[in-house]
Structure formats: structure tokens, C-alpha cells
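Each remark here refers to the structure printed beneath this line.
Chain A is the first sequence line, chain B the second, and so forth, proteins listed ahead of strands; every chain is numbered from 1. Because the structure is a prediction, the values reported are computed rather than measured. Heavy-atom basis, side chains included; hydrogens, waters and symmetry copies ignored.
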Protein chains: 2
Amino acid sequence: MATIAEVSKKYDISQATLRYYEKIGLIPPVPRSKSGIRDYDEKSCGWIELMKCMRSAGIQIEALIEYVKLFQEGEHTAKARKDILVDQRDILEDKIKRMQESLDKLNYKIDRYDTVIIPKMEKRR
Amino acid sequence: MATIAEVSKKYDISQATLRYYEKIGLIPPVPRSKSGIRDYDEKSCGWIELMKCMRSAGIQIEALIEYVKLFQEGEHTAKARKDILVDQRDILEDKIKRMQESLDKLNYKIDRYDTVIIPKMEKRR
DNA sequence: TTATCAGTTAGAGTATACTCTAAGTCAAGA
DNA sequence: TCTTGACTTAGAGTATACTCTAACTGATAA
């Protein structure tokens with residue numbers, strides 16, 4: 001049981017973003033005190049942790065919202081939920097592959113600056 | 001020497017995006033025919049290829065524009081250019097690491113659907 | 001010569017994902 | 001009681017990266 005301030009600090013996500021995530025359904029509704037103030041429990045924190053991880057990997061909010069929606073509809077949506085995860089896994093694998101290619105290209109270019117371009121420039125002085 | 005239509009097709013980048021990239025300086029100015037029509041040469045195509053790769057890895061346009069700007073200022077900017085590449089390489093490495101973590105988490109969850117959640121649900125029928 | 005078609009521009013519009021603002025509520029300490 | 005400070009909401013604003021629109025030009029085929 002934690003306040004929005006505590007959760008915001010713990011996960012380094014702004015309070016505005018935490019409210020936004022709840023509003024759009026990226027996480028299920030957070031329990032509230034009698035006066036309407038958010039009181040995050042274990043489950044809510046688990047969702048936040050998951051979404052922080054997924055979002056930091058660039059997984060689209062849209063797909064994650066669908067996942068949460070299905071989750072709240074109950075057990076019988078398990079297969080559909082798994083399908084979403086598989087789709088996103090494939091997309092992510094692809095992205096990582098492309099990024100690895102760019103990383104290789106960057107490293108190649110950096111090496112050329114070190115071994116060719118900068119030495120040549122220095123010699124000319 | 002190629003038209004914008006050919007280059008657009010070759011790299012699967014819309015003509016609008018090619019013009020946009022040139023306008024904001026993500027690629028150096030493309031040679032023009034006497035009537036002002038773009039006539040892409042080897043160099044221009046090389047820049048497009050590079051930027052397609054960098055952008056598909058999510059490298060910020062801002063940093064790439066700075067790189068192109070320095071490149072056009074001449075040889076003496078080599079060190080500054082290399083610094084940009086190194087910064088972006090470090091950012092990219094970090095991103096790949098985070099994405100790999102998310103990928104692992106996704107695969108773990110998918111496995112749980114296959115081995116626990118879905119079988120449990122099927123048994124209950 | 002006229003229409004068609006690919007090209008040109010500036011600038012407005014869109015999608016995604018926040019981020020901020022204004023106006024208000026509620027509980028606790030001075 | 002008053003004020004302070006953390007919380008609430010709806011809705012407007014922002015950043016990034018395109019994407020589209022309108023209006024125009026210039027070369028070529030009928």
C-alpha cells in the first residue's frame with residue numbers, strides 16, 4: 001500500500017505519467033482510499049513494473065492496453081493474450097536485429113575515424 | 001543519377017520523407033537538374049542508406065542532423081563527428097540491453113502461458 | 001496546343017506518448 | 001480556523017517524426 005508519490009519515486013515515473021497510464025488503461029484501476037486517493041498495492045506495482053519494462057523496450061501502448069483489457073475480462077482470454085505477447089515478441093526481436101546492425105555500422109564508422117580519418121587529418125598539419 | 005521516384009522505391013522511403021530529410025538537413029542537398037528536379041547521385045544515395053539504417057535503429061534525427069552539418073563544414077570537424085557517433089553508439093548499446101531484457105521477460109511470460117495458464121484453463125472445462 | 005504526369009514548394013495536419021495547467025478537494029499541523 | 005501541501009480531474013499543450021494538401025512548374029505524348 002503506497003501513495004502515488006512513493007510509487008513515482010520507486011519506479012522513476014512521473015505522477016502525471018502514472019495517472020495517464022491508469023486513465024488510458026495501460027494498467028488496471030488502482031485501489032483508492034475512501035477519499036479517492038490512489039493506494040497502490042502489490043498487484044498495481046507489478047503492472048507498473050511490467051509496463052515500465054515493456055515501454056522502455058518501445059512496445060506500443062496500444063498493444064499493451066489490449067493485453068490489459070483482455071486480462072480484466074478473465075481467464076478465457078488467455079490465448080488471445082498470449083497471441084499479443086507473441087506478436088510483440090516477434091516485433092521486438094526484429095527491432096533488436098535492426099539495432100544490432102546499426103550498432104555494427106556505428107562501430108565500423110567509429111573505427112574508421114580512429115584509424116583513418118583523424119590520423120590523416122593530423123598528419124596534414 | 002536517379003529520380004526521387006526511383007530512390008523512393010529502391011529504399012522504400014516515401015518521396016515526402018526524402019524531401020523532408022533533405023529540408024531538415026538529415027542528408028546534404030541533393031544535386032538538381034537545370035529545372036530544379038532532384039537527381040540523386042551515389043553520394044546522396046549513400047547518405048540515404050546510412051540514415052535509413054540509423055533511423056530504423058531509433059537514433060534521434062537531431063543528432064544525425066548535427067553530424068551532417070559538421071560533415072559539410074569540412075575535415076576539421078572529424079573529432080566532433082566521431083564524438084557524436086560514440087555518444088549515439090553508447091545510447092544504442094543501452095537500448096539494446098533494455099530491449100533484450102524485455103525480450104527475455106516476454107519469452108518467460110509466453111512460456112508461462114504455454115506451460116501453466118492455458119493448460120490450467122483447458123483442464124477446467 | 002493541350003492535357004497529363006512527375007516533379008516542386010511552403011506550410012498545415014496527424015500520430016504517439018506524454019506533460020502541463022487550472023481548478024478544485026481533503027487531511028493535518030499551527 | 002486557517003493554511004499548507006499532496007492529492008484529484010478534465011482537458012489543453014508539447015515534442016518528435018513524419019504525412020498530407022494546395023498551388024504551381026516544366027517536359028512530353030496525342
Side-chain angles (χ1 to χ4, degrees), chain A residues 1-27 29-41 44 47-48 50-69 88 91-92 95 98-99 102, chain B residues 1-27 29-41 44 47-48 50-69 88 91-92 95 98-99 102:
Chain A
M1 301 304 201
T3 65
I4 196 168
E6 288 158 359
V7 173
S8 167
K9 207 171 165 185
K10 180 169 174 191
Y11 294 107
D12 194 30
I13 299 174
S14 79
Q15 301 187 14
T17 301
L18 288 171
R19 293 193 190 99
Y20 167 71
Y21 280 179
E22 187 179 349
K23 183 158 117 189
I24 62 171
L26 185 66
I27 59 167
V30 173
R32 305 297 183 107
S33 74
K34 43 272 155 280
S35 54
I37 290 177
R38 288 173 183 82
D39 194 10
Y40 292 83
D41 58 10
S44 290
W47 280 106
I48 289 162
L50 174 66
M51 293 310 170
K52 186 186 173 170
C53 178
M54 295 299 121
R55 286 296 304 128
S56 89
I59 289 170
Q60 299 270 293
I61 280 184
E62 200 61 359
L64 297 170
I65 288 173
E66 182 63 17
Y67 180 83
V68 173
K69 204 195 95 206
Q88 294 306 316
I91 291 169
L92 187 55
K95 262 195 220 169
R98 276 205 309 281
M99 289 172 82
S102 301
Chain B
M1 299 306 202
T3 66
I4 196 167
E6 288 158 359
V7 173
S8 166
K9 208 173 164 184
K10 179 168 175 194
Y11 295 107
D12 194 31
I13 298 174
S14 79
Q15 299 188 15
T17 301
L18 289 173
R19 292 191 190 101
Y20 166 71
Y21 280 179
E22 186 180 349
K23 183 158 116 186
I24 63 171
L26 185 66
I27 58 168
V30 173
R32 307 294 184 109
S33 74
K34 45 269 155 283
S35 53
I37 290 177
R38 287 173 184 80
D39 193 9
Y40 292 83
D41 57 10
S44 290
W47 281 106
I48 289 161
L50 173 66
M51 292 310 170
K52 187 186 173 169
C53 178
M54 296 297 123
R55 287 295 305 129
S56 88
I59 290 172
Q60 299 270 294
I61 280 185
E62 199 62 358
L64 298 170
I65 288 173
E66 181 63 17
Y67 180 84
V68 173
K69 203 195 96 204
Q88 295 306 315
I91 291 169
L92 188 54
K95 264 196 218 169
R98 275 203 310 280
M99 289 172 83
S102 300

Rounded to whole angstroms, how far apart are CD on A:E62 and C1' on C:dC18? 15 Å
Atom CD of A:E22 and atom P of D:dC7 are separated, to the nearest Å, by 14 Å
Measure from the side-chain heavy atoms of B:A5 and tell me the nearest of C:dC18, C:dG7, D:dT16. C:dG7
Rounded to whole angstroms, how far apart are CD1 on B:I61 and P on D:dT19? 10 Å
Quick check for you: among D:dG11, D:dC20, C:dT8, whose closest atom lies nearest to any side-chain atom of A:K23? D:dG11
Check whether any side-chain N or O of B:D41 sits under 3.5 Å from a backbone N or O of B:M1 as a donor-acceptor pair, and report yes or no. no
Please report the distance, rounded to the nearest Å, between CD in B:Q15 and P in C:dT8. 8 Å
N or O in side chain of B:R38 less than 4.0 angstrom from C:dG7 OP1/OP2: no
What's the CG-P distance between B:D39 and C:dG7, to the nearest Å? 11 Å
Atom of A:V7, atom of A:I48 and distance for their closest heavy-atom approach: CG1-CD1, 3.7 Å
Does A:E22 come within less than 4.0 Å of A:R19, counting only side-chain N to carboxylate O? no
Choosing from D:dA27, D:dA17, D:dT9, which nucleotide comes nearest the side chain of B:Q60? D:dA17
Rounded to the Å, how far apart are B:L64 CG and D:dT16 C1'? 13 Å
Which part of the nucleic acid, if any, lies within reach of B:I24 when heavy atoms closer than 4.0 Å are counted: base, sugar-phosphate only, or nothing? nothing
Given 3.5 Å as the limit, does a donor-acceptor pair link the side chain of B:K95 with the main chain of A:M99, or not? no
Counting side-chain heavy atoms from C-beta on, which of D:dT8, D:dT19, C:dT19 comes nearest to A:R19? D:dT8
Short side-chain N/O contact to C:dT19 OP1/OP2 from A:T17, under 4.0 Å: yes
Under a 3.5 Å distance rule, please check whether B:K52 uses its side chain to pair with a backbone N or O of B:Y11 as donor and acceptor. yes
C:dC18 phosphate, OP1 or OP2: any side-chain N/O from A:Y21 under 4.0 angstrom? yes
Describe the nucleic acid contact of A:T3 in one word from base, sugar-phosphate, nothing, applying a heavy-atom distance below 4.0 Å. sugar-phosphate
State whether B:R32 places a side-chain N or O below 4.0 Å from either non-bridging phosphate oxygen (OP1 or OP2) of C:dT9. yes
Using the side-chain heavy atoms of A:I37, tell me which of these nucleotides is nearest: D:dT8, D:dG26, C:dT8. D:dT8
Interatomic distance, B:Y20 OH vs C:dA10 C1' [rounded to whole Å]: 15 Å
From NZ of B:K52 across to C1' of D:dC18 the rounded distance in Å is 16 Å
